[in-house]
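Since the structure comes first, as structure tokens, the remarks are kept for the end.
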2 protein chains.
Amino acid sequence: MIEISLWEQLTAFADCGTLSEAAEKLHTSQPALTRSMKRLEAELSLSLFKRSKNHISLNATGRMAVNLARQIVEEDRELVLRLKAYDRSLRTISIGYCAPVPQMVMTPLINNLFEGMTISADMKEDDDFPARLLDGTYQLAVLHYPLTDDRFFCRKCGSETLYLSVPPSSPLAFYPEIHLSDLNGLSVLLLSRIGFWMNVVKERAPKANYLLLVQDSSFMELASHSGYPCFNSSYFIRRGSTIPGRINIPLADAESHTDYYLACLSSETRRFSTLFDQMKKTGIS
Amino acid sequence: MIEISLWEQLTAFADCGTLSEAAEKLHTSQPALTRSMKRLEAELSLSLFKRSKNHISLNATGRMAVNLARQIVEEDRELVLRLKAYDRSLRTISIGYCAPVPQMVMTPLINNLFEGMTISADMKEDDDFPARLLDGTYQLAVLHYPLTDDRFFCRKCGSETLYLSVPPSSPLAFYPEIHLSDLNGLSVLLLSRIGFWMNVVKERAPKANYLLLVQDSSFMELASHSGYPCFNSSYFIRRGSTIPGRINIPLADAESHTDYYLACLSSETRRFSTLFDQMKKTGIS
DNA sequence: TAACATTACGTTAGCCGTAACGATA
DNA sequence: TATCGTTACGGCTAACGTAATGTTA
């Protein structure tokens, strides 16, 4: 069995061209390399080099050995990385959220159920969530569309409806319902981290002037003290926590309502079964 | 960079279940293994084992590590084998012959052209010769059918016709030509190593009683001193070296005549170009 | 003469095996 | 009490670095 370090020294020599240079690169001495290469040849019972009195170079077998050595050295390196990634994955749960409300609802639940684990949450458009589940970036995903592929376990876990929030003084306040396209040309307050909702509103009202706010507090302040329309959610309205002095007007667009779906890999169904159960009971609404 | 020996010791432990048993299997001591496994964990900065005071077993990360370790240990082992095979392939030319005459003609040529190399020759039915060229078992093949696939370089290199050889006293001697099927029911002398010809005669005269002889000398002795029919070849007849006291009768079957084709991998065309040239000039006939 | 590979040689660090220890079933 | 894993310790060898040697461009 040939040790990785020998293969590594061989590839270093191939990269450098001379033993001296390779020795420097490897932070070792030239004689040490000479001996290693001889040891390698001895253990293989193969000649890998053409030697003249003060020059050494690879022969055909040696060149092939370098090709193979590069592979196994790289594999050894990757093995360590994969193992560390696996180990980390045992201690962390990464979740992709397509919208803020599911995260608000689920975060305390998950912290409770998987105590001691590191929880990492992403919020973004959920186009690639299936791929992220497959490649292990996420262990859980909340999407606004169901996954039917049987590599996944997927269940509906709630729904949410968007409303337009305006002061009673606003011209929009007189309509019984509003189309998102009515916002074109208007300035609209919007939180920046709202996942797939961002796509919805930008697609339906592309010509609105969106005032993007990173912080909730800034958003609330502006919403409370200005006349700009903004969005509210059935989740907050249902809980009576609306923006002071504003009314919520239904949106006519079908896209303003969505169902949410919780998904994991089929192979991990059992690991997350309690979470799925709880979400079925409580649900997002 | 983790050395292969450490991975190897890990897999040995996984196979054996206890360090003591693994130590025995590896012809080393138990404390040595304890230290190796601790060193492995230290170099990875990962915990791979659940330890109680007098028991040690793999944790989840450890089990994953074993899976990966098995792979790389196996790859290291295979690397050595592949390298040795490659080295040997540089010093040897393996040739598949579908019949004895091409071998007789080409052996001196090849020994001459590739002096110092080990020449290894196979003789057998040439069904799988293309596959053998592709997988590297053969560098050259002589077939009785052409290869049109452009992964191969293939040229006609001669032909041969089979005759029936009988004493003048034989009842068969009166026919101007004979069908192989006429041999059904008769005893026929046959050399055992005749490649694809064996299939030809056994297919055309399946009910003949073939007296298989391994050695040329035995065959010649019996052919000279018995009345059993046997086969002769245009190659020998053309050179006047027929069996004493026998006549050669043409065979009516189309299969009694064949063309020979010399083939190598397209990628090796240049390496063997001189041989192809010489065979084009001299040819088998 | 500068750069390179190899050989010689003294040193040392790392690994091993034996022995002792502690824990468990 | 037998088995197992860990720790301690002393010894040894394999690999190292320095220095010297020889060769080539």
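In what follows, every heavy atom counts, from backbone to side chain, and hydrogens, waters and symmetry copies are set aside. Proteins come first, then strands; the chains are lettered A, B, ... in the order of their sequence lines, and each starts at number 1.
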Enter the inter-axis angle for the ends of the helix from C:dT1-D:dA25 to C:dA25-D:dT1 (five pairs per end, rounded to 10°).
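What I find for the helix from C:dT1-D:dA25 to C:dA25-D:dT1 is an axis angle of 30°.
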
Scan side-chain atoms only and decide if [X] and [Y] contain a donor-acceptor pair under the 3.5 Å cut-off.
{"X": "B:Ser5", "Y": "A:Glu3", "answer": "yes"}
{"X": "A:Asp76", "Y": "B:Trp7", "answer": "yes"}
{"X": "A:Ser94", "Y": "A:Asp122", "answer": "no"}

Looking across every strand, which nucleic acid part, if any, lies under 4.0 Å from B:Ser36 by heavy atom: base, sugar-phosphate, or nothing?
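Result for B:Ser36 = nothing.
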
Do the numbers put A:Arg239 on top of the ring of A:Tyr235, so that NZ or CZ is under 6.0 Å from the six-membered ring centre and no more than 45° off the axis?
yes

Please enumerate all residues that pass side chain to side chain contact (heavy atoms under 4.5 Å, CB included) together with B:Ala85, with sequence neighbours excluded.
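Residues passing side chain to side chain contact (heavy atoms under 4.5 Å, CB included) with B:Ala85: none at all.
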
Just the atom pairs and distances: protein N or O near nucleotides 5-8 of chain D's N or O, under 3.5 Å.
unit_1, atom_1, unit_2, atom_2, d
D:dG5, OP1, B:Leu19, N, 2.9
D:dG5, OP2, B:Leu19, N, 3.3
D:dG5, OP2, B:Ser20, N, 3.0
D:dG5, OP2, B:Ser20, OG, 2.6
D:dG5, OP2, B:Gln30, NE2, 3.2
D:dG5, N7, B:Gln30, OE1, 2.9
D:dT6, OP1, B:Arg51, NH1, 2.5
D:dT6, OP2, B:Thr34, OG1, 3.1
D:dT7, OP2, B:Lys38, NZ, 2.8

Please name the pair of heavy atoms, one in A:Met106 and one in A:Leu262, separated by the smallest distance, quoted to 0.1 Å.
CE-CD1, 3.7 Å

Contact boundaries of DNA chain C with chain A (under 4.0 Å, heavy atoms), 5' to 3'?
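Using the under 4.0 Å cut-off, the span is C:dA3 to C:dA8.
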
Hey, can you pull the donor-acceptor pairs under 3.5 Å for the side chains in residues 27-37 of chain A, sequence neighbours left out?
unit_1, atom_1, unit_2, atom_2, d
A:Ser29, OG, A:Ala32, N, 3.3
A:Gln30, NE2, A:Ser20, OG, 2.7
A:Thr34, OG1, A:Gln30, O, 3.4
A:Ser36, OG, A:Gln9, OE1, 2.8
A:Ser36, OG, A:Ala32, O, 3.2

Salt-bridge criterion met for [X] and [Y] (N-O under 4.0 Å):
{"X": "B:Arg91", "Y": "B:Asp87", "value": "yes"}
{"X": "B:Asp127", "Y": "B:Arg132", "value": "no"}
{"X": "B:Asp15", "Y": "B:Arg70", "value": "yes"}

Going by heavy atoms closer than 4.0 Å, what residues in residues 41-50 of chain A are next to DNA chain D?
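Per residue number, the list is empty: none.
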
B:Phe196 vs B:His144 aromatic rings, parallel, tilted or perpendicular, using cut-offs 30° and 60°?
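Plane angle under 30°, so parallel.
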
Does A:Glu24 CD have over 12 foreign heavy atoms under 6.0 Å away?
no

Can you tell me if CZ on A:Arg51 sees more than 12 non-hydrogen neighbours from other groups inside 6.0 Å?
yes

Between A:Leu26 (CG) and D:dC16 (P), how many Å, whole number?
11 Å

